[in-house]
Amino acid sequence: MTQRIEKSIIINRPIEEVFDVATCLESCVNWQTMMIGSEKVTPGAKGVGTQYKHTAKFMGIPVITQPVITVNEPPHRFAYHNQSGAFGYEVQFNFESVADGTRFDAVLTTDSASNLIAEIAIPLLVGAASRQYDNDLSLLKGMMETGLQVKKFVFIHLPVQTAFCPSPIGFIMCFLGSNLWILSLIPWIGE
Amino acid sequence: MAMITTENSVIINRPIEEVFDTATCMESCVNWWTMLTEAKKVSAGPTGVGSEYHHTAKFMGVEMEARPVITVWEPAQRFAYKSDTATAEMEVAYTFEPVDGGTYFRSVMNADTKDNVISAEMLPVIAHAMARQLEDDMNVLKEMMNNGVQVKIT
């Protein structure tokens, strides 16, 4: 059984920036609400063949997938697929410059033909996931248009800290929490 | 402080006692609140006014903790809890009413954001995102219950 979800949104930011943020399969943990963990598992620069590990929770069920990039043509086309876990899926992103910024089209296709349990549950899941993806795209739009940092591992994370950290100590803790990679510079500084 | 209020409602095609029992379980909510990653009861004894929970949530990439406490417990009609988090003081009230075809479930959330925590630019974005998310989560609960999916942690 194949299910298809199509979504589109206009984000009032330049196409290069929208492509850069939306196609980062690590930063998606910041705008895809059901995602609880994301990491790049292959070394080297991002490109076709780069693999990730995503951990999501939906309807109380943790789901681990291993998406692999299949198309990477900045700043217009991007795609990835997953062939691990309970069901496979393919995601295609298209980006186009428009008068108001960038039109971002997303198409998600799932195929559960080989999995009976997934076939039974998929219509229920797809309906809920489709609404969730609407919410997440709107969230990405809101975050980017208000200048909130979406991409991970960026030194200045000020908007997030001012948004969520209640005190100077909390501010520092949030800063450290979101920028622990800085510690990896210590051996380099010592050289 | 700035107040964020969201109201959402849904009709679930199940008896009022079952909807109340499922929707007010502050541990099982991890199964239908998408942003919630962990939920456990931290006070002893049966569920009632004063029962306390520990919730961990992730929203916009930020992990947050809360300790909601039940403030109203009137099965199967009314339920409420309050929660003091790093970003806001929240009060959430549920009401349940039998209607033709099931149960009318209404949720009202008032979040009073703390000074200098959420910037003025971000407030509308967060409020809008939370309202959409709550509406969607209630529909997840509806679809799970209408389709016989186990929601309550037993």
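Order of the sequence lines fixes the chain letters, A, B, ..., with proteins taken first and strands second; residue numbering starts at 1 for each chain.
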- Do B/V151 and B/I11 belong to the same hydrophobic cluster, where Ile, Leu, Val, Met, Phe, Trp and Tyr are linked whenever their side-chain heavy atoms lie under 4.5 Å apart, directly or via other members? no
- Message: Please report the interatomic distance OG1(B/T34) to CD1(A/I36), rounded to the nearest 0.5 Å.
- Response: 12.0 Å
- Item | Minimum heavy-atom distance A/K57-B/V30, with the two atoms named | NZ-O, 2.6 Å
- Query: Under 4.5 Å between side-chain heavy atoms, hopping through other hydrophobics if needed: is there a path connecting B/M64 to B/L134?
  - Reply: yes
- Task: Identify which part of B/N139 has an atom lying under 4.5 Å from any heavy atom of chain A, answering side chain, backbone, both or neither.
- Result: both
- Item | Shared hydrophobic cluster, A/L108 / A/F93 (ILVMFWY, side-chain heavy atoms < 4.5 Å) | yes
- Distance (rounded to the nearest 0.5 Å) between B/Q133 CD and A/R131 CZ: 10.0 Å
- Considering only heavy atoms and a distance below 4.5 Å, find which of A/M143, A/E145, A/K141 pairs most often with chain B. A/M143
- Please check if atom NE2 in B/H128 has more than 12 non-hydrogen atoms from other residues, nucleotides or ligands closer than 6.0 Å. no
- Common cluster, B/Y94/B/Y104, ILVMFWY with side-chain heavy-atom separation under 4.5 Å: no
- Item | Nearest heavy-atom neighbours spanning B/A129 and A/L139 | CB-CD1, 3.5 Å
- Item | Contact origin within B/V149 toward chain A - heavy atom pairs under 4.5 Å | side chain
- Query: Same hydrophobic cluster for B/F20 and B/M109, using side-chain heavy-atom links shorter than 4.5 Å among ILVMFWY?
  - Reply: yes
- Query: What closest approach, in Å, do A/N135 and B/R132 show between heavy atoms, and which atom pair accounts for it?
  - Reply: O-NH2, 3.4 Å
